Participant: 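One structure, pasted below without further comment.
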Amino acid sequence: MNVNEAIEYIHSVFWKGSIPGLSRTQALLAKMGNPQDDLKFIHIAGTNGKGSTAAMTASILQKAGYRTGLYTSPYIYRFHERMQINGEQISDEDLVEITEYVKPLADSMEECPTEFELVCCIAFEYFKRKNCDIVVLEVGMGGEFDATNVIRTPEVAVITNIGLDHTDVLGGTVEEIARTKAGIFKENGNAVIYRGTSSVEAVFEEICLQRNVALKKANFAGLKLKSLDLFGQVFDCGERKNITLPLLGNHQLHNASVVLSVADTLIEKGWKITEQNIYDGIREVSWPGRFDVVSRDPLFIIDGGHNPQCIEALVKNIEDYLVGRKVVALTGVLADKDYGEMYKPVIPLVSEFVCITPDNPRKMEASDLAAYLKAAGAKATAAESTADGVRKAIALAGKGGAILCFGSLYSIGAIHEGLKEVLA
C-alpha cells in the first residue's frame, strides 16, 4: 500500500454509514490485542464544541510535558488530522503500516466494521505504538454506542454543549440525547459537564449517582470577558485572571471553562499540571475552521457551523466582530440538514450570499440553495465552482468588507484551496 491506497481502503471498503453498537469494534480490537487497554484517556462527547475542547485539553497536557494523543473527527483539510501526537499529525508511513496490519484482521471478520470503527482501531494502535501518556479522545456521534466507547474508565469523561442534532439516531429531545451521551460515564470515574438546562443536568446527575461518578460542572458563573478582537480574547474564570484564548466567540469562553474544570480534575487525580501549563496551553491552542480568520486582507473567515446551535454562535460572532462591515456569505450545505433554520437568523446580517456545492454525496446544489435563499428574501447567486465562489465573494465584499464562509465542514478544504488560488 501507499498512503493514497490506505486512505482509499479506509474510506470505501467497509463504508456502511453510522451503525451504532460496539460489537464490531470490540471484535476487531480483540484480534489486535486490545491496544486501547494500555492507554489512558480523556473522553469527550457533546453536540457542539467537542473539537475545540479536545484541542485545548491536549494543548495543556502537552505543555505539562505529557506525550499527548489527540483523536478528532471529521478532518478539515486532510485525513491525517484525525490522529495527532503533541500537535504532529500521523505520518504517511505510520498510517500505511498500521492500516496494512489492521486490514487482514478486519477482512477476516464475519461482520465488517464501519469506516469510523476502522479508524478508531487504527488510532488506538497508533497511540499505543507511540507510547502516549494520555489520549484526548473525541466521540464521533452520541456516546453510549459510539465506537470510541470501548475504552475502560477514562481519567475524565467530558460532555460539551448539548443540542438537537442526529435526532433520528440519538433521540428527539435534549434530555434523550444527554442520556445517550452520558453513556461515556463509567463506574467510579470522573466527569465534567458544560452547563445546560436543569433537565439536562438532572440526567447527568442521575447517571453519575448510579455509577458512582464524581461530577464537576464548569464554572460559567465565574466567566468574565475582558477584551476581544480578531486576534483572540482575554477572559477571567473564577480565580484565574487574564487568560488569553486565540479562538473567537463567546461560546469558546464556555468551552475553555469546561477545559479548566478538566485540568482541575486531572490535578486532583495526581497529574502534574501547573498554572503556567494551563495558561500557555490555552494561549497556544490551534483549532482551524471555527470562526477562523484565514486572511486579513481581504478579511476572510471560515466557520464549520452547520446546526442551529452553531448558527446561534455564528450570529453572535457577526455581531461582536463584524459590526460596521459589509458581510458576504460564501456558503454550501448538505441537503439533509435543516437549512431553513440554519439560514433564517443569518439573512438579516448578510448583504449577499454566494452559493457553492459541497464535495459530498449528500450535497445540495448551489443553484438550488440560491433559489431557496432568494425565496426567503435574500440576495443570492450560485457559483460554478468553489474557486469561482471565492472570487465572487471577495469582489462583492469590496474593500473593508468581510467574507464569511459557513454551512458545511465538507466545504472548508475546497474553500481554503480556492482562496490560495485566488490570492496567488
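This structure is a prediction, so every number in the text was calculated from the model and none was measured.
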Participant: Testing the basics here: between Pro345 and Met342, what is the closest heavy-atom pair and its distance to 0.1 Å?
Facilitator: CD-O, 3.5 Å
Participant: Cut-off 3.5 Å, side chains only: do Glu155 and Trp271 have a donor facing an acceptor?
Facilitator: yes
Participant: Could you tell me how the ring of His11 sits relative to the ring of Phe79: parallel (under 30°), tilted (30 to 60°) or perpendicular (over 60°)?
Facilitator: perpendicular
Participant: Can any side-chain N or O of Glu81 pair as donor or acceptor with the backbone N or O of Arg78 at less than 3.5 Å?
Facilitator: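 Answer holds: yes.
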Participant: Indicate yes or no: at least one non-hydrogen side-chain atom of Arg179 is less than 4.5 angstrom from one of Ile207.
Facilitator: yes
Participant: Please report the C-alpha distance between Phe124 and Phe41 in whole Å, then the side-chain angles of each, then the deciding distance to 0.1 Å, and finally whether the ring-ring contact (aromatic ring centres under 6.0 Å, His included) criterion is met.
Facilitator: CA-CA 11 Å; Phe124 289 142; Phe41 294 96; 5.7 Å; yes
Participant: Answer yes or no: is there a donor N or O on one side and an acceptor on the other, between the side chain of Glu5 and the main chain of Asn2, under 3.5 Å?
Facilitator: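 The answer is yes, because a donor-acceptor pair under 3.5 Å joins these two groups.
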Participant: Work out which heavy atom in Gln62 is nearest to a heavy atom in Thr68; give both atom names and the distance.
Facilitator: N-OG1, 3.6 Å
Participant: Centroid-to-centroid, Phe291 to Phe406, below 6.0 Å?
Facilitator: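 Ring centroids of Phe291 and Phe406 are no less than 6.0 Å from each other.
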Participant: If I compare all heavy atoms of Ala106 with all of Tyr9, which pair ends up nearest, and what's the gap?
Facilitator: CB-OH, 3.8 Å
Participant: Do any N or O atoms from the side chain of Glu88 and from the backbone of Ile85 form a donor-acceptor pair under 3.5 angstrom?
Facilitator: no
Participant: Measure the CE-SG distance between Met83 and Cys120 for me, rounded to the nearest 0.5 Å.
Facilitator: 8.5 Å
Participant: Are the side chain of Asp264 and the backbone of Ser261 linked by a donor-acceptor contact shorter than 3.5 Å?
Facilitator: no
Participant: Would you please name every residue forming a side-chain contact (heavy atoms from CB on, under 4.5 Å) with Asp37, sequence neighbours left out?
Facilitator: Asn34, Arg152
Participant: Mind listing the side-chain donor-acceptor pairs of residues 416-424 below 3.5 Å, one per line with the distance, residues two or more places apart or on another chain?
Facilitator:
from   : atom 1 : to     : atom 2 : distance (Å)
Glu417 : OE2    : Lys420 : NZ     : 3.2
Glu421 : OE2    : Arg391 : NH2    : 3.2

Participant: So, Ser52 side chain and Gly49 main chain: donor-acceptor pair closer than 3.5 Å or not?
Facilitator: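 No; judged by distance alone, with no hydrogens or angles, the pair does not exist.
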Participant: If we ignore hydrogens and angles and just use 3.5 Å, is the side chain of Ser59 paired with the main-chain N or O of Gly281 as donor and acceptor?
Facilitator: yes
Participant: Under 6.0 Å from the ring centre and within 45 degrees of the ring axis: does the NZ or CZ of Arg296 meet both conditions for the six-membered ring of Phe231?
Facilitator: yes
Participant: When you check the side-chain N and O atoms of Thr274 and Asn277, is any donor under 3.5 Å from an acceptor?
Facilitator: yes
Participant: Against the six-membered ring of Tyr101, is Arg129 placed for a cation-pi contact (under 6.0 Å from the centre, within 45° of the normal)?
Facilitator: yes
Participant: Search all heavy atoms of Ile356 against all heavy atoms of Gly389 and return the closest pair with its distance.
Facilitator: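 Looks like CG2-CA, 4.2 Å.
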Participant: Using every non-hydrogen atom in the two residues, find where Asp303 and Ile412 come nearest and quote the distance to one decimal.
Facilitator: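 Heavy atoms only, the tightest pair is C-CD1, 4.4 Å.
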Participant: Please report the shortest heavy-atom distance between His43 and Ile151, naming the atom on each side.
Facilitator: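 Residues His43 and Ile151, closest heavy atoms: ND1-CD1, 3.7 Å.
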Participant: Side chains of Ser351 and Lys379: do they bring a donor and an acceptor to under 3.5 Å?
Facilitator: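 Absent: no donor and acceptor within the cut-off.
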Participant: Given side chains that start at C-beta, do those of Ile162 and Lys181 come closer than 4.5 Å, heavy atoms only?
Facilitator: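 In contact.
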Participant: Examine the side chains of Tyr343 and Thr331 and answer whether a donor and an acceptor come within less than 3.5 Å of each other.
Facilitator: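 Their side chains do contain a donor-acceptor pair, which is all the 3.5 Å distance test asks for.
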Participant: So for atom OH, which belongs to Tyr339, do other residues, nucleotides or ligands contribute more than 12 heavy atoms lying within a distance under 6.0 Å?
Facilitator: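 No, not enclosed.
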Participant: Is there a side-chain contact between Leu95 and Ile10 in this structure, where contact means two heavy atoms from C-beta onward sitting under 4.5 Å apart?
Facilitator: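 Yes, close enough: below the 4.5 Å cut-off.
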